[in-house]
Asks: 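Mind having a look at this structure? Questions to follow.
Index from 1, following the sequence. From a predicted model like this one, the values you see are computed outputs, not experimental measurements.
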Amino acid sequence: MSEVRKRHLDVTDTSDKTNETESDQKEDIDSEDDKTPEEKYVDEIAKAIPQGTDKTPEVLDTALKGFSARWRNWIIRGIFTWLMIGGFGLLIYGGPLALMVTTLVVQVKCFEEIINIGYAVYRIHGLPYFRSLSWYFLIASNYFFYGESLVDYFGVVISRTDYLRVLITYHRFISFCLYLVGFIWFVLSLVKKYYMKQFSLFAWTHVALLIVVTQSYLIIQNIFEGLIWFIVPVSMIVCNDVMAYVFGFFFGRTPLIQLSPKKTWEGFVGGGISTVIFGLMISYLMCQYRYFVCPIEYSETLGQMTMECEPSPLFRPQEYTLPESLSGLLQLLGMKSTVTLYPFLLHSLSMSIFSSVIGPFGGFFASGFKRAFKIKDFGDVIPGHGGIMDRFDCQYLMATFVNVYISSFIHTASPQKLLQQVFSLKPEQQLQLFHTLKDTLENRGILNLT
């Protein structure tokens with residue numbers, strides 16, 4: 001009888017172990033730790049991408065040996081944050097051209113960091129022409145977008161030169177032809193058995209162009225509207241990033257989002273409040289200088305870009321009447337029921353709220369992207385920070401918002417841009433427009449020829 005029980009227990013234990021083994025196997029299959037072929041590729045990609053957060057100069061590494069890893073990272077990040085802020089100040093001093101060139105350089109570097117991840121896939125499978133095609137599409141895209149800017153702001157001047165007039169007239173057609181060359185090149189490079197990989201990399205390149213090139217074009221557009229539309233939003237993102245890190249470092253206890261475990265609600269709220277205060281302060285300061293508020297236009301008289309203008313009402317103090325509920329209380333206290341401020345401060349408030357609440361989601365998006373490929377950073381250019389893309393993930397989202405905000409609530413058609421469109425018309429069309437405008441102005445009593 002005891003032998004039967006023993007056998008029964010052995011069978012039960014064996015079946016339990018079998019069930020446990022099957023359960024473990026099922027869990028392994030469902031978990032992210034199971035090494036499928038795709039995940040093995042991801043691991044290889046992760047090894048191929050340089051990581052910069054833990055990379056420090058040898059001098060700093062030696063000097064900070066006595067500190068814990070947490071404080072060591074704090075000091076390194078702080079040093080290179082101040083270096084970047086100082087560099088940004090020098091670029092502002094260098095003027096709009098320096099800022100535009102820097103934007104182009106940053107764009108190329110960000111594109112390179114994103115494409116390098118795809119290039120790791122290219123090397124694993126030995127796919128042809130991926131890198132060459134990616135850079136070709138970058139050049140073609142920049143030709144289109146930056147050409148659009150030249151047409152908008154320098155069209156009149158360029159159209160006076162015979163051999164350049166063709167580039168102005170047929171700019172979009174030439175851009176489309178350049179894209180077609182890359183498209184045909186890609187189709188001819190397709191390799192049997194790797195179609196899915198190649199089309200994935202093709203989409204990868206176009207998403208990178210959408211994220212990087214399009215946004216940098218919008219940044220250039222913002223600069224032309226006046227340096228204040230570039231400096232204030234960029235500074236807000238920097239302030240939010242720095243202060244969120246500071247508040248999170250010292251007070252962070254409550255996790256904010258699963259994609260970024262180190263992000264906390266304390267850092268999010270502290271960074272947001274700091275950004276609103278900072279945004280109002282820097283906006284008030286810049287509104288007082290024409291260098292920052294005047295749009296950048298090409299002067300035909302001087303033959304160069306100028307930033308001289310009569311500041312628009314947006315940058316001149318205006319008196320606002322407070323709501324009756326507040327004005328009654330203020331009168332009892334012997335205070336005025338009106339307040340004088342720069343209208344731009346109200347727009348600055350909108351931008352600071354966006355940079356505090358929505359801006360960080362650009363960073364969360366980048367965090368999810370990096371987690372998908374099991375990498376910590378996009379590169380190793382900036383010690384303590386990672387790659388260029390790690391620092392500019394939120395800036396691109398902010399640039400799009402500012403550009404849309406200007407076109408929706410601020411922007412009006414300038415005479416210069418309208419003239420550029422008029423000069424692109426045929427002579428008979430220009431005459432027809434002239435007579436129509438002349439008749440309209442006379443009928444309205446604006447133009448009196450007598």
Asks: Assign the ring pair Phe247 / Phe251 to parallel, tilted or perpendicular, where the plane angle (0 to 90°) is split at 30° and 60°.
Replies: tilted
Asks: According to the ring pair (Phe, Tyr, Trp, His ring centres under 6.0 Å) rule, which pairs have a member within residues 259-280, sequence neighbours left out?
Replies: Trp265-Phe268
Asks: What I want to check is whether the side chains of Thr340 and Gln318 have a donor and an acceptor closer together than 3.5 Å.
Replies: no
Asks: Taking the six-membered ring of Phe144, is the NZ or CZ of Arg172 close enough (under 6.0 Å from the centre) and on axis enough (within 45°)?
Replies: no
Asks: Under 3.5 Å, is there a donor-acceptor pair between the side chain of Gln221 and the main chain of Asn403?
Replies: no
Asks: Has Gln429 got more than 12 heavy atoms of other residues, nucleotides or ligands less than 6.0 Å from its CD?
Replies: yes
Asks: Do the ring planes of Trp71 and Trp74 sit parallel (below 30°), tilted (30 to 60°) or perpendicular (above 60°)?
Replies: perpendicular
Asks: Mark yes or no for whether Thr264, through its side chain, and Gly267, through its backbone, hold a donor-acceptor pair below 3.5 Å.
Replies: yes
Asks: Show the numbers, then the answer: is there a side chain to side chain donor-acceptor pair (under 3.5 Å) between Ser367 and Ser260?
Replies: CA-CA 6 Å; Ser367 295; Ser260 297; 2.9 Å; yes
Asks: Any chance you could measure Ile114, atom CD1, to Phe378, atom CZ, to the nearest 0.5 Å?
Replies: 6.0 Å
Asks: Pick out which of Ile237, Val276, Val232 makes a side chain to side chain contact (heavy atoms under 4.5 Å, CB included) with Met351.
Replies: Val232
Asks: Could you give all pairs that pass the side chain to side chain donor-acceptor pair (under 3.5 Å) test and reach residues 282-295, with sequence neighbours left out?
Replies: Ser283-Ser348
Asks: For the side chain of Gln215 and the backbone of Leu397, is there at least one donor-acceptor N/O pair under 3.5 Å apart?
Replies: no
Asks: Return the set of residues passing disulfide bond (SG atoms under 2.5 Å apart) with Cys177 (not counting sequence neighbours), or none when no residue passes.
Replies: none
Asks: Working to the nearest 0.5 angstrom, can you tell me the gap between Met236 CE and Ile353 CD1?
Replies: 9.5 Å
Asks: Can you tell if the side chain of Ser235 reaches within under 4.5 Å of the side chain of Phe88, non-hydrogen atoms only?
Replies: yes
Asks: Just to verify, which of Phe199, Phe137, Tyr179 counts as forming a ring-ring contact (aromatic ring centres under 6.0 Å, His included) with Phe186?
Replies: Phe199
Asks: Looking at side-chain heavy atoms only, is the closest gap between Ser175 and His171 below 4.5 Å?
Replies: yes
Asks: Drop me the distance from Lys109's NZ to Arg391's CZ, to the nearest 0.5 angstrom.
Replies: 15.5 Å
Asks: What do the steps show when you test Phe364 against Phe361 for ring pair (Phe, Tyr, Trp, His ring centres under 6.0 Å), and what is the final call?
Replies: CA-CA 5 Å; Phe364 300 152; Phe361 280 85; 5.1 Å; yes
Asks: Do Trp204 and Phe369 make the cut of ring centroids closer than 6.0 angstrom?
Replies: yes
Asks: Is a side-chain N or O of Ser132 found less than 3.5 angstrom from the main chain of Tyr129, in a donor-acceptor match?
Replies: no
Asks: Can you tell me how far apart CD1 (Ile273) and CG (Asn240) are? Round to the nearest 0.5 Å.
Replies: 11.5 Å
Asks: On the 0 to 90° scale, with breaks at 30° and 60°, tag the His347-Trp229 ring pair as parallel, tilted or perpendicular.
Replies: tilted
Asks: Determine the sole option in Ile85, Ile282, Thr275 for which the side chain to side chain contact (heavy atoms under 4.5 Å, CB included) test with Cys239 is passed.
Replies: Thr275
Asks: Can you check whether Leu201 reaches Gln198 side chain to side chain, under 4.5 Å on heavy atoms?
Replies: no
Asks: So do the side chains of Phe315 and Ile228 get within less than 4.5 Å of each other, counting heavy atoms only?
Replies: yes
Asks: Roughly how far, to the nearest 0.5 Å, is CG of Leu104 from CD1 of Ile220?
Replies: 7.5 Å
